[in-house]
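Down below is the structure, laid out as structure tokens.
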Amino acid sequence: MDTKTKEQNQQIGALMNAFVQHTVDFYNELDSYPVCPHTPQEILEHLQTQEIPSKGRNITHVYEEMLKEVYSHTILAQHPRSFSCIPSTASMLSWMGDVMSNAYNLHASCQVNGPAPYLVEKKLIRWMCDLAGYPKEAGGLFVSGGSIANLTALTAARDARLTYEERSKAVVYVSDQTHSSVAKGLLIIGFCKEQIHILPSDSDFRMDMDALKTAVKQDLKQDKKPFAVIASAGTTNTGSVDPLKEISELCQKYNMWMHVDGAFGASALLSKKCKKDLEGIENSDSLSWDAHKWLLQTYGCSMVLVRNQNTLINSFSAHPEYLKDAESSEGSIEFWDLGPELTRPARSLKLWLTLQTIGTEKLEAIIDHGCAMAELAEKLVSEKRDWEIISHAHFGVVNFRCVPDSNMPESQLAILNQEIAKTLTDSGFAQIYTTELKGKKVLRMCTINPETTEKDIRDTIERLEKIKETRLAH
Ligand SMILES: *Cc1c(COP(=O)(O)O)cnc(C)c1O
């Protein structure tokens with residue numbers, strides 16, 4: 001390496017040291033920052049006019065410019081008062097693991113490239129399979145997110161349960177609370193909309209079993225081929241869990257594949273209190289589980305687990321001539337045999353670093369804390385006039401809305417609640433998004449961040465109350 005490159009590497013190292021300190025300070029003061037900062041128009045205009053230069057620029061200038069213009073104005077999903085979507089629980093440990101894995105630029109496609117990272121991923125997948133109650137033939141893979149985990153599992157389900165000829169007659173069952181990534185995945189792998197049977201959910205937002213049973217029977221009568229049920233373990237809207245046990249019994253009866261979308265809720269397996277709500281998960285054929293939702297990881301860390309690893313191999317195995325030397329032995333099973341990716345980062349290492357450092361007891365306390373914060377929010381909201389709870393706190397999610405007058409039409413209630421959420425979010429103090437449940441526009445809070453305190457919850461509810469009062473005074 002020439003001296004010039006070495007010199008530049010030194011300079012980059014110095015900037016990175018400064019960046020690490022900057023980031024530590026930033027995280028230590030996180031709750032004093034607005035949750036959703038506004039990006040000044042000048043910054044966007046400046047970026048808009050920038051071109052890729054023909055001669056490179058000074059690294060310090062580029063670094064400072066990007067820090068100021070790009071990184072400083074993003075929504076802080078890991079802020080303790082970010083309650084929208086599934087907020088990030090990312091720990092600094094995960095960030096550290098990310099930095100380490102990226103620095104070594106691990107190519108985690110196979111054993112030969114790194115037997116130790118391979119082993120770590122295998123061990124974590126096994127640990128998760130054990131938590132889910134899967135048998136020894138089980139297996140799985142780290143993927144980038146719940147959407148890809150669902151896509152991967154759905155592909156395995158299709159190939160395990162349908163012949164090529166049967167595909168056009170196939171039907172898959174979801175509920176009106178199933179995450180949109182499931183339908184997206186089904187369309188990607190060749191099904192059409194008409195093959196996705198959307199069932200209603202009951203008053204607790206769980207898949208209606210009677211509707212499911214009737215639908216399967218009717219579809220069979222019409223010479224269709226029911227092949228899979230997608231159950232949710234923690235729906236995005238309300239944290240509800242479908243009746244997993246009953247679904248698994250029905251799947252067994254009709255030889256259907258049972259996929260559990262636990263992208264958000266599977267982490268509750270770590271809590272003794274929550275685990276009983278997931279009974280029946282052990283009978284499923286596949287499970288999606290995001291570590292970047294409730295297992296403290298930065299983005300791009302998720303797992304797809306299957307009851308029998310052969311089902312993944314059956315769908316994804318590939319052994320081209322140019323990878324022969326990368327096989328650990330003739331016909332060995334590598335990560336590239338288990339999913340759509342070949343080149344992939346070692347996503348498991350940051351989770352390993354996190355789990356080794358904090359241990360499972362702390363993790364359990366974090367899950368229970370997330371649930372308790374939503375329960376607190378529910379209690380505080382229900383003590384106030386003009387508010388109603390729409391879904392009870394479950395797995396750290398609660399939905400409610402403002403109803404100042406029972407005669408107010410739905411359309412006006414929708415505008416009112418939308419405005420309350422927007423006013424709070426625009427203030428930067430906390431972020432709450434709305435969702436829609438059974439035709440009602442509601443405020444949804446997801447309180448799983450371990451840094452969220454009781455005070456954060458109390459202050460947020462108080463602010464909602466004040467916003468409501470100001471609004472109604474007009
Ligand atoms: C978040 C979520 C997904 C999608 O996961 P990504 O990691 O965002 O791709 C799927 N299903 C459920 C239930 C989710 O909460």
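Below, each value reflects all heavy atoms present in this structure, side chains not excepted, and no hydrogens, waters or symmetry copies. When a ligand or atom number is given, it counts from 1 through the structure's own listing order.
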Around atom [atom1] of [X], are there more than 12 heavy atoms of other residues, nucleotides or ligands at under 6.0 Å?
X: K122; atom1: NZ; answer: yes
X: I198; atom1: CD1; answer: no
X: K253; atom1: NZ; answer: no

Inset, instruction - Evaluate the criterion side-chain hydrogen bond (donor to acceptor under 3.5 Å, both in side chains) for residue pair Q431 and S84; output intermediate values, then yes/no. - result: CA-CA 6 Å; Q431 187 185 36; S84 63; 2.8 Å; yes
Legend entry - Test side chain to side chain donor-acceptor pair (under 3.5 Å) applied to R81 and T460, N449, D456, the passing residue: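 By the side chain to side chain donor-acceptor pair (under 3.5 Å) criterion, R81 pairs with just one of T460, N449, D456: D456.
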Legend entry - Face-on cation placement of R167 at F191 ring, 6.0 Å and 45° thresholds: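 That pair does not qualify as a cation-pi contact.
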Legend entry - Ring-face cation contact, F335 with R344, 6.0 Å cut, 45° max: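 Output yes; distance and angle both within limits.
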Element-labelled atoms of ligand 1 that are located less than 4.0 Å from some non-hydrogen atom of [X]:
X: G234; answer: 13 (C)
X: A263; answer: 2 (C), 3 (C), 10 (C), 11 (N), 12 (C), 14 (C)
X: G145; answer: 7 (O), 9 (O)
X: D290; answer: 5 (O), 6 (P), 7 (O)
X: F264; answer: 15 (O)

[atom]: the protein heavy-atom neighbour that sits closest, reported with distance to 0.1 Å:
atom: atom 2 (C) of ligand 1; value: K293 NZ, 2.4 Å
atom: atom 6 (P) of ligand 1; value: G146 N, 3.3 Å
atom: atom 4 (C) of ligand 1; value: H179 CE1, 3.5 Å
atom: atom 11 (N) of ligand 1; value: D261 OD2, 2.6 Å
atom: atom 9 (O) of ligand 1; value: S147 OG, 2.6 Å

Legend entry - S144 heavy atom under 4.0 Å from ligand 1: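 Distance cut 4.0 Å: S144 fails for ligand 1.
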Legend entry - Proximity to ligand 1 by part of S181, non-hydrogen separation under 4.0 Å: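 Just the side chain.
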Inset, instruction - Under the ring pair (Phe, Tyr, Trp, His ring centres under 6.0 Å) rule, what do F227 and W257 come out as? Steps first, then yes or no, please. - result: CA-CA 6 Å; F227 89 102; W257 182 284; 8.9 Å; no
